[in-house]
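Below: one structure, written as structure tokens.
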Amino acid sequence: MSSTPRPGAPAAPGDLLPEAAKILVAGGFGAGKSTLVSAISEIVPFHTEEVLTRSSMGVDDLAGVEGKGTTTVALDFGRITIHNRLALFLFGTPGQGRFSFMWDELAAGALCAIVLADTRRLSDCFPAVDYFERRGLPFVVAVNCFEGARSYPPDTVRRALTLQPEVPVMLCDARLRTSVKDVLVKAVDHVLLLETERSAHA
Amino acid sequence: MSAAHEWSYETDGPVVRPYAMVRGRTRNEGYWFDLVAFVVAAVDSLDLRLGIQPEHRAILRICQVPCPVGEVASRMNLPVGVVRVLLGDLHTAQAIHVREPTCRTGRPSIRVIREVLDGLREL
Ligand SMILES: Nc1nc2c(ncn2[C@@H]2O[C@H](COP(=O)(O)OP(=O)(O)OP(=O)(O)O)[C@@H](O)[C@H]2O)c(=O)[nH]1
Ligand SMILES: [Mg+2]
């Protein structure tokens with residue numbers, strides 16, 4: 001499977017297919033995940049109600065997931081073509097901690113994550129923040145500005161979430177494409193910085 | 001972590017019917033078929049060997065243009081676990097080509113990160 005082609009050998013047909021990168025969008029119920037994905041996706045996002053089972057995950061040690069357990073998980077699946085050989089996928093994923101086993105699959109090889117925070121229910125995004133911190137997946141916190149919600153400066157949110165100082169926190173409106181674009185650019189820029197530092201130390 | 005114990009076969013209903021479609025098989029050998037792995041048909045049609053099912057043909061039709069696994073699953077309206085098994089069959093029959101994301105386990109390369117960043121800035 002992992003055979004390296006000899007130099008000059010013709011590429012395997014699969015290698016001519018586009019490469020894929022992915023970004024996760026997490027946050028509590030109604031935090032604006034679906035809205036954010038559809039604001040920027042070039043396709044109408046696919047909304048799937050995945051039935052997940054232990055075996056469908058292909059993972060052997062799903063702590064806490066019983067052998068026959070299944071659950072249904074809604075997933076928004078958006079797409080941005082970067083160029084004809086590279087596509088970026090966005091996954092809006094449920095924020096409850098009990099779905100974190102699914103994040104394991106989604107987070108594998110992901111560029112980074114966007115955590116959408118709703119200041120009316122800030123604690124709803126704790127599981128996502130915990131998960132990405134523990135896993136070491138770079139993330140940014142985007143504070144979704146709902147009408148009627150008191151607005152908090154990003155630093156207040158940062159303190160409330162006890163985030164590491166390097167984690168970007170920004171305000172956003174998930175309904176606006178330009179605002180979502182800014183969040184994505186910020187997130188990937190953050191990843192580039194971290195990866196550049198990491199490779200400098202390696 | 002313990003919250004995951006709250007749902008179970010008993011409370012969340014039976015194992016879903018679509019798994020009967022793949023005769024209870026839940027794993028395929030070889031490819032993992034990541035949600036964002038691209039799949040494209042390598043053939044126009046399938047002959048009738050090897051217990052080919054209508055779902056195999058439907059997948060092949062969807063994949064006349066390269067399509068990510070997650071999109072195949074939503075267009076088929078099937079759980080991704082089932083679609084993975086069906087894709088495994090198609091791969092065994094040499095009916096599809098697959099490209100898994102290069103960084104399934106590790107971190108994406110700096111090249112990919114830069115290209116994504118440039119692409120996003122141009123949106
Ligand atoms: N004012 C305002 N409303 C928003 C914003 N983002 C989302 N909404 C609204 O909030 C509601 C919930 O948004 P969704 O995108 O469905 O949230 P979600 O996180 O996908 O919700 P679930 O999938 O149910 O967890 C919708 O009515 C949106 O129109 C925002 O930035 N500002
Ligand atoms: Mg949603």
Side-chain angles (χ1 to χ4, degrees), chain A residues 1 12-22 40 46-48 50-53 55-58 62-72 75 77 79-83 86-89 91 96-98 100-101 105-106 108-111 177 181 184-185 188-189 191-192 195-196 198-199, chain B residues 1-9 12-16 18-19 26-28 30-32 34-40 42 66 68 70-71 73-75 77-82 84 96-110 112-121 123:
Chain A
M1 276 277 294
D15 292 345
L16 301 173
L17 290 168
E19 197 174 347
K22 57 185 169 180
I40 195 98
F46 288 96
H47 179 81
T48 58
E50 290 297 354
V51 179
L52 296 168
T53 66
S55 41
S56 79
M57 302 302 297
L62 287 168
V65 180
E66 301 310 325
K68 290 221 162 166
T70 64
T71 190
T72 310
L75 207 67
F77 188 88
R79 176 167 170 177
I80 299 169
T81 299
I82 299 296
H83 54 66
L86 180 60
L88 174 65
F89 293 98
F91 286 102
Q96 300 87 315
R98 71 192 189 114
S100 64
F101 70 92
E105 168 175 7
L106 296 174
L111 279 172
R177 182 180 147 93
K181 175 190 159 177
L184 292 178
V185 167
V188 180
D189 203 26
V191 176
L192 183 61
E195 290 295 327
T196 314
R198 189 186 313 211
S199 58
Chain B
M1 271 282 103
S2 62
H5 287 284
E6 284 168 17
W7 56 266
S8 69
Y9 180 86
D12 297 284
V15 170
V16 67
Y19 281 92
T26 49
R27 284 195 150 205
N28 52 273
Y31 279 94
W32 155 255
D34 192 279
L35 280 171
V36 298
F38 272 96
V39 178
V40 72
E71 188 176 324
S74 29
R75 287 170 62 179
N77 205 12
L78 287 175
V80 73
V82 170
R84 285 193 172 118
I96 53 170
H97 299 303
V98 186
R99 182 163 186 188
E100 296 280 4
T102 35
C103 50
R104 250 226 353 113
T105 47
R107 297 289 308 143
S109 69
I110 294 214
V112 166
I113 298 169
R114 283 222 170 86
E115 287 183 18
V116 169
L117 187 57
D118 291 346
L120 287 172
R121 286 204 166 111
L123 283 182

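Just so we're clear, the structure is a prediction, and the values are computed from it rather than from any experiment. Per chain, numbering begins at 1; letters A, B, ... match sequence-line order.
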Q: With a 4.5 angstrom heavy-atom cut-off, could you sort out which part of L184(A) is near chain B: side chain, backbone, both or neither?
A: both
Q: Enter the distance from I40(A):CD1 to L120(B):CG here, rounded to the nearest 0.5 Å.
A: 7.0 Å
Q) Between K22(A) and D34(B), is any pair of side-chain heavy atoms under 4.5 Å apart? A) yes
Q. Measuring heavy-atom distances to chain B, does T81(A) have an atom under 4.5 Å in its side chain, in its backbone, in both, or in neither?
A. neither
**Q.** Shortest non-hydrogen separation from P18(A) to P66(B) and the atoms involved
**A.** CD-CB, 4.2 Å
Q.
Shorter than 4.5 Å, heavy atoms on both sides: which option in V188(A), I80(A), T196(A) has the most such pairs with chain B?
A. V188(A)
Q) What are the two closest heavy atoms between D189(A) and L117(B), and how far apart are they? A) OD1-CD2, 3.6 Å
Q: Can you measure from CD1 (I82(A)) to CG (L123(B)) and round to the nearest 0.5 angstrom?
A: 6.5 Å
Q | Least distance between heavy atoms, R107(B) atom then A110(A) atom | A | NH1-O, 2.8 Å
(Q) Contact between V191(A) and V116(B) at the side-chain level, heavy atoms closer than 4.5 Å - yes or no? (A) no
Q) Any idea which heavy atoms bring A20(A) and F38(B) closest together, and the distance? A) CB-CE1, 4.2 Å
**Q.** Exercise: identify the closest heavy-atom pair between E19(A) and V112(B)
**A.** OE2-CG2, 3.3 Å
Q.
Contact between L35(B) and F91(A) at the side-chain level, heavy atoms closer than 4.5 Å - yes or no?
A. yes
Q. If every non-hydrogen atom of R79(A) is compared with every non-hydrogen atom of E71(B), which pair is closest and at what distance?
A. NH1-OE1, 3.6 Å
(Q) Does any backbone or side-chain atom of L111(A) lie under 4.5 Å from a heavy atom of chain B? Answer side chain, backbone, both or neither. (A) both
